[in-house]
Amino acid sequence: MLDRAAWRRAWRAAADALPDAEPDPVGLPAFRAAVAEHLLRHRGLPDAAVLATGGSTSAVAELARTFPAGARVAVEEPGYQRAVGALRAAGLVPVPVPVDGAGLVVDALPAGLAAMYCTPAHQFPLGARLSAARRVALVERARAEGFLVVEDDYDGELRYDVAPLPLLAALGPDVVAHLGTASKLLTPTLGVGWLVAPPAVRAAVLDLRERTGARPARAGQRVFAALAAHGDLARHLRRLRRELAARRAAVVDAVRAAGLPVAGDAAGAHVFVPLPDAATERAVLAAAAEQGVELDGLARHHLGPPGRHGLVLGYAEPPRADLDRALGLLPTCIN
Ligand SMILES: Cc1ncc(COP(=O)(O)O)c(C=O)c1O
């Protein structure tokens, strides 16, 4: 959906800079300034001290390595299994915590956590927004119990007629590590994201980068900064929101016409469609596969045995014609 001319222009501008002589663990000033402006304008976060990352998931992996092996980290269940994988790969112990229609069930968080990973803007994959009361409760518990909240704001810029709630990072800058990414907003091709974190967490990440030689790649940062500098990022975001809102409406209409409910907020790039049981979920996936349509089931987004079932319908990636064709086939896959 990105304008081809803008994309080429940004890469040309990025190529004007001479190659770097030294690795840079913090990130380019122009990139960090562009992200800070983006966070202010689109996420209501002022004066963010931005650290460049390789994207949300890679930032979770970096944060994970700053904790001692064996530390317990709460994750949403169902949730984003790549984050779970990143925690495990660092020797941490993911602890599943339930999610309901108001997002993470904060009261169900166990004691003894080193951190909690969550997706408050648009819970992945169920699509709920963490309620204002739970945001406050989560930050208060993190302060009282001394754990870090990792806020993965992977698609927070994408909302359609849903009012934004304050970021956890705005409510608790002392206990929240906020992660953003260009992956949903632009493309995973750039391999860039950002981290805004309390000073001690930021220092631990920089220390890890210093010790291991890891650093965020500069090419993607340059392209992102060029897109922002020319106004192309803002234009793209406006267009993307319009297009995704229209696609979402088409998906919701088709799902309802097929006699199924839709859960979650009007936001992001996927819709959750609850199904009554595991057998139905498997049958719908198999029927869709037979018609050449690859659907995503909720089962694989669980750490433990699935307690809920349904379809996770992503609508950003396929060309519009393919999406419409898949939607047309939905009733036959469901019945
Ligand atoms: C919850 C969540 N976080 C992060 C990402 C990806 O972000 P990145 O490419 O920056 O790792 C995704 C992509 O689907 C996601 O669902």
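Positions are given from 1, in the same order as the sequence printed here. All ligand and atom numbering here is 1-based and tracks the order in the structure.
Tracing side-chain contacts under 4.5 Å through hydrophobic residues (I, L, V, M, F, W, Y), one never reaches Leu113 starting from Leu303; they form parts of separate clusters.
Scanning the protein for heavy atoms near atom 11 (O) of ligand 1, the closest one is Thr57 OG1, 2.5 Å. The single protein non-hydrogen atom nearest to atom 13 (C) of ligand 1 is Lys184 CE, 3.6 Å, given as residue, atom name and distance. Residue, atom and distance of the protein heavy atom nearest to atom 6 (C) of ligand 1 are Tyr80 OH, 3.6 Å.
Side-chain contact check for Asp155 and His270: no donor-acceptor pair (N or O, by modelled atom type) lies under 3.5 Å. For the residue pair Glu151 / His178, a side-chain donor-acceptor distance below 3.5 Å is found, with atom types taken as modelled. In summary, the side chains of Tyr154 and Thr57 do not present any donor paired with an acceptor at a separation below 3.5 Å, with no hydrogens or angles considered.
Below 3.5 Å of separation, one finds an N or O of Thr181 facing an N or O of ligand 1. Checking only distances, Ser183 does come within under 3.5 Å of ligand 1, N or O to N or O. Taking any N or O of Tyr154, backbone or side chain, none lies under 3.5 Å from an N or O belonging to ligand 1.
Among Leu185, Asp152, Thr119, the residue whose heavy atom sits closest to atom 3 (N) of ligand 1 is Asp152. Among Ala59, Ser56, Gly54, the residue whose heavy atom lies closest to atom 7 (O) of ligand 1 is Ser56.
Comment: Arg134 engages Asp100 in a salt bridge, judged by a side-chain N to carboxylate O separation of less than 4.0 angstrom. Remark: Asp277 does not engage Arg308 in a salt bridge, criterion side-chain N to carboxylate O under 4.0 Å. With respect to Asp322 and Arg325, no salt bridge is recorded, no charged nitrogen being found less than 4.0 Å from a carboxylate O.
Ligand 1 has at least one atom lying under 4.0 Å from a heavy atom of Tyr117.
Here is the list of ligand 1 atoms found below 4.0 Å of a heavy atom in Gly55: 10 (O).
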